[in-house]
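Here's the structure, in structure tokens; my notes come after.
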Amino acid sequence: MNRKQGLDSIEDIRNMMERSSRFISLSGWSGVSAGIFALFGAWFAGKTIKSVEAIEHIVKQLAIIGTLTFVGALLSAFAFTWMRSRKTGVPIWGRAARQLLVSLAVPMFAGGSFILYLLWNRQIALVAPGCLTIYGIALFCGSRQTFEEIRYLAYSEMILGLCSLFYTGYGLYFWAAGFGLLHIIYGVIMWIRHEKPA
Amino acid sequence: MNSFKNSIGKLNKVFDNKSRLGIMSMLMVNSAINFNELKELLQSTDGNLASHIKTLEEKGYISVSKGFIGRKTNTTYSITKAGEKAFREHLDALETMIKQIS
């Protein structure tokens, strides 16, 4: 065995360890597109809050805007990741993807139900801090199964969520920063580190 | 030069094969993986994978446990203590070899 074969061997080992334990098809563009959807969503939500008087209507409209934003962000994120998976030839649906999905879905489902309860009971001030903190926790849970940048995104979301508790009334700005700006920033970082053509 | 030969001697022949090296790498970082997942990750055929698994099992590097998901059999594989040791020694030997040549 010569040096080249030894290095190839190590490359194979690394590849197999990553492929089997991490979801490596996640594209930076997914983060950027989800961030853009979030900024639009926040903008619409801001307009709604200013223009509608009755709180019942606000809650209803916010729920609609929130759902549309979530679905849009998710679909666009999926599209970019799907394209990356096609490009790199790593199947999108495998062991790592399944584990990542479970890690994300469990806290998101529990947290999402919690947020719905807050909306229902008009605890609007806690919605943005709740969304950010819970999303941070979910990302932290999932970060073991994908790129390490996600763990830092998770910390950022949690810190932002907890800080926003102290700034009642600015929830929407924190929400836009957490789901919009942070997604875009981390999306660009991930693209530079993993996808940028050398 | 003598130590160089020694480090090559420590390379494990069982791991010369790409599929076997792949199976061991995956089991190092996952507590248990089933047959279909291994097949998918290695992009290998049933027969080919089965023969490599058999080799590793005979060496005592991996252990097999048969279970059920509903009515379908689900065979999962894990690395054994001996397998982990052998794999680490192989990695060390690779490392030494590369260091000495460069």
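Every chain is numbered from 1 and lettered A, B, ... according to where its sequence line falls, protein lines coming before strand lines.
The minimum heavy-atom distance linking Glu40(B) with Trp93(A) is given by the pair OE2-O, 3.7 Å. Residue Gly6(A) comes nearest to Ile98(B) through the heavy atom pair C-CD1, 3.8 Å, listed as atom of the first residue, atom of the second, then distance.
Follow the hydrophobic side-chain contacts under 4.5 Å out from Leu126(A) and you reach Phe114(A) in the same cluster. Note on Phe37(A) and Leu75(A): separate hydrophobic clusters, where clusters join Ile, Leu, Val, Met, Phe, Trp and Tyr whose side-chain heavy atoms are under 4.5 Å apart, directly or indirectly. Residues Met83(A) and Ile36(A) fall within the same hydrophobic cluster, defined by Ile, Leu, Val, Met, Phe, Trp and Tyr side chains chained together at heavy-atom separations under 4.5 Å. Trp175(A) is connected to Tyr155(A) through a chain of hydrophobic side-chain contacts under 4.5 Å among Ile, Leu, Val, Met, Phe, Trp and Tyr, so both are in one cluster. The same ILVMFWY cluster, assembled from side-chain heavy atoms under 4.5 Å apart, contains both Tyr170(A) and Ile124(A).
Heavy atoms of Phe15(B) lying under 4.5 Å from chain A are absent altogether. Contacts between Met26(B) and chain A at a heavy-atom distance below 4.5 Å involve backbone atoms as well as side-chain atoms.
A salt bridge links Glu37(B) to Arg98(A): one of the charged nitrogens lies within less than 4.0 Å of a carboxylate oxygen.
Note that CD of Glu95(B) and CD1 of Ile10(A) are 7.5 Å apart. Values are rounded to the nearest 0.5 Å. Remark: His90(B) NE2 to Ser9(A) OG distance equals 4.5 Å, nearest 0.5 Å. Within the model, atoms CG of Leu21(B) and CG of Asp8(A) stand 11.0 Å from one another, a figure rounded to the nearest 0.5 Å. Rounded to the nearest 0.5 Å, atoms CE (Met24(B)) and CE (Met17(A)) are 9.5 Å apart.
Residues of residues 20-27 of chain A having a heavy atom under 4.5 Å from any heavy atom of chain B, listed by number: Ser20(A), Ser21(A). Among the residues in residues 29-36 of chain B, those with a non-hydrogen atom closer than 4.5 angstrom to a non-hydrogen atom of chain A are Val29(B), Asn30(B), Ala32(B), Ile33(B).
Evaluation of the side chain to side chain donor-acceptor pair (under 3.5 Å) test over residues 108-120 of chain A, restricted to residues two or more places apart or in two chains, returns none.
When each of Gln99(A), Arg95(A), Glu18(A) is checked for heavy-atom pairs under 4.5 Å with chain B, Arg95(A) comes out on top.
For His57(A), the ring pair (Phe, Tyr, Trp, His ring centres under 6.0 Å) criterion is met by no residue, not counting sequence neighbours.
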Criterion side-chain contact (heavy atoms from CB on, under 4.5 Å) on Leu42(B) and Met16(A), from CA distance to verdict:
CA-CA 8 Å; Leu42(B) 286 170; Met16(A) 279 301 158; 3.8 Å; yes

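Counting heavy atoms from C-beta on, the side chains of Ile13(A) and Leu94(B) come closer than 4.5 Å.
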